[in-house]
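Beneath this line is the structure, given in structure tokens, with notes to follow.
Every heavy atom of this structure was used, including side-chain atoms; hydrogens, water molecules and symmetry mates were not. Quantities reported herein were computed from a predicted structural model and do not represent experimental measurements.
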Amino acid sequence: MTKLLDGHVAVVTGGGSGIGEAIALGYAEQGASVAVVDVNEAAGADTAKAITDAGGKAISVGVDVTDRAGCNAAAEKISAALGEVSILVNNAGINRRTPFSGDKAEVAKDWDDILEVNLKGVFNVTHAFLDQLRATKGRVINIGSIQSFVHVRWPNSAAYTTSKHGVLGMTRALAAELGKDGVRVNAIGPGLIETPLNKAARDGNPDMVQKVLEHTPLGRAGKPSDIVGPAIFLASDLASYVTGGIVMADGGFRSI
Ligand SMILES: NC(=O)c1ccc[n+]([C@@H]2O[C@H](COP(=O)([O-])OP(=O)(O)OC[C@H]3O[C@@H](n4cnc5c(N)ncnc54)[C@H](O)[C@@H]3O)[C@@H](O)[C@H]2O)c1
């Protein structure tokens, strides 16, 4: 039976955990060969093994997306192992919930670290795969957030909101610039998704979780699996005339 991503080679950054892991597994189920890229090599290797154990094709590559030379080397390594990449999911991300008026050295460090990973990381990886994506008329999916539009006042940081606004801006800019090459660039805006990224924040702030859920028409937090369908859609030919957009997968949070 034909699958939606047969013949595609996909790279998923941050594929060792949470949303990225779910997308990597979902892409493999739809027929794509998958390169799992993660700074946590062991976690990435576990995801790749889960794919190959299920009969799919995958490799894992330990890369820090803030390391530009490392991203370039990974692009060569992945194309040699799996073929030219046609789907790139820029998912790797971090968050630290530092108040802007808090300890100056801590705020400055978190600002640098968050923008390095969440925003410059998207540049580094996309730039590293640019030639392959143009050659394959590829698809880029960036993981944004509700915070691509607003600042969510559960403990959070200005740096994270700024980075996710930037991700949406980069999505639109690259869609405009690369459309002539047949490369589509879109984003997904997850709401509150239960992953290791926010476990401590959820556990430490049950009242805030309740407030978020009260503002969420679907009335529940999301699971990583809730992001897989939009990610497959945007990577597949079903989305052949979709570029420069953001698909919100937030239980309706942003609509009210
Ligand atoms: N969980 C949510 O509620 C939520 C909501 C909106 C957006 N997001 C975004 O979704 C993405 C995935 O988040 P998650 O919740 O699955 O987090 P997670 O912590 O479960 O997974 C993130 C993965 O990225 C990897 N990573 C971190 N820094 C890296 C680096 N420098 N280089 C390579 N890999 C790196 C980690 O090792 C980890 O495997 C992030 O961009 C996050 O901002 C998450």
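Looking only at side-chain heavy atoms (C-beta outward), Val242 and Leu234 come within less than 4.5 Å of each other. Within the 4.5 Å cutoff, no side-chain heavy atoms of Tyr160 are placed close to those of Ile94. Counting heavy atoms from C-beta outward, Val183 and Lys137 have side chains that stay 4.5 Å or more apart. In this structure the side chain of Asn124 never reaches within 4.5 angstrom of the side chain of Asp67, judged on heavy atoms.
Asp250 has no carboxylate O lying under 4.0 Å from a charged side-chain N of Arg254, or vice versa, which leaves the two without a salt bridge. Between Lys120 and Asp112 there is no salt bridge, since no side-chain nitrogen of the basic residue lies less than 4.0 Å from a carboxylate oxygen of the acidic one. Between Arg96 and Asp113 there is a salt bridge, with a side-chain nitrogen of the basic residue lying less than 4.0 Å from a carboxylate oxygen of the acidic one.
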Self-check item: Criterion salt bridge (charged side-chain N to carboxylate O under 4.0 Å, His left out) on Asp207 and Lys211, from CA distance to verdict
Solution: CA-CA 6 Å; Asp207 292 354; Lys211 282 189 187 141; over 6 Å; no
Exercise. Output, in order, the C-alpha distance, side-chain angles, deciding distance and verdict of side-chain contact (heavy atoms from CB on, under 4.5 Å) for Trp111 and Leu115.
Key: CA-CA 6 Å; Trp111 179 268; Leu115 288 166; 3.1 Å; yes
Practice problem: Apply the test side-chain contact (heavy atoms from CB on, under 4.5 Å) to residues Val39 and Val65: give CA-CA distance (whole Å), side-chain angles for both, the deciding distance (0.1 Å), then the verdict. | Solution: CA-CA 8 Å; Val39 70; Val65 298; over 6 Å; no
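His8 places no side-chain N or O within 3.5 Å of a backbone atom of Ile87 that could act as its donor or acceptor partner. Distance alone, capped at 3.5 Å, places no donor-acceptor pair between the Thr216 side chain and the Gly251 backbone.
Nearest approach of Leu238 to Phe233, heavy atoms of both residues: O-CE1, 3.6 Å.
Ile227 and Ile141 fall within a single hydrophobic cluster, where Ile, Leu, Val, Met, Phe, Trp and Tyr side chains are chained together by heavy-atom contacts under 4.5 Å. No single ILVMFWY cluster, assembled from side-chain heavy atoms under 4.5 Å apart, contains both Val11 and Tyr27.
With rounding to the nearest 0.5 Å, the separation of CD in Gln132 from OG in Ser86 is 9.5 Å. Here the straight-line distance linking atom CD of Glu194 with atom CD1 of Ile19 works out to 11.5 Å at 0.5 Å rounding. Between the CG atom of Leu133 and the OG1 atom of Thr126 there is a distance of 7.5 Å, given to the nearest 0.5 Å. To the nearest 0.5 Å, atom OG of residue Ser240 and atom CZ of residue Arg139 are 8.5 Å apart. For the atom pair Leu130 CG and Glu177 CD, the distance stands at 9.0 Å (nearest 0.5 Å). The OG atom of Ser145 lies 7.0 Å from the CE atom of Met248; values are rounded to the nearest 0.5 Å.
Test Thr161, Ile143, Ile188, Leu168 against Ser148 for side-chain contact (heavy atoms from CB on, under 4.5 Å) and you get one pass: Leu168.
In the model, Asn156 has a side-chain atom that pairs as donor or acceptor with a side-chain atom of Asn95 under 3.5 Å. Using modelled atom types, one finds a donor on one side chain and an acceptor on the other under 3.5 Å when comparing Thr171 with Asn142. Asp110 and Thr98 are linked by a side-chain donor-acceptor pair at a separation below 3.5 angstrom, with hydrogens and angles left out of the test.
For Lys180, the NZ atom counts as densely surrounded, since its 6.0 Å shell holds more than 12 non-hydrogen atoms of other residues, nucleotides or ligands.
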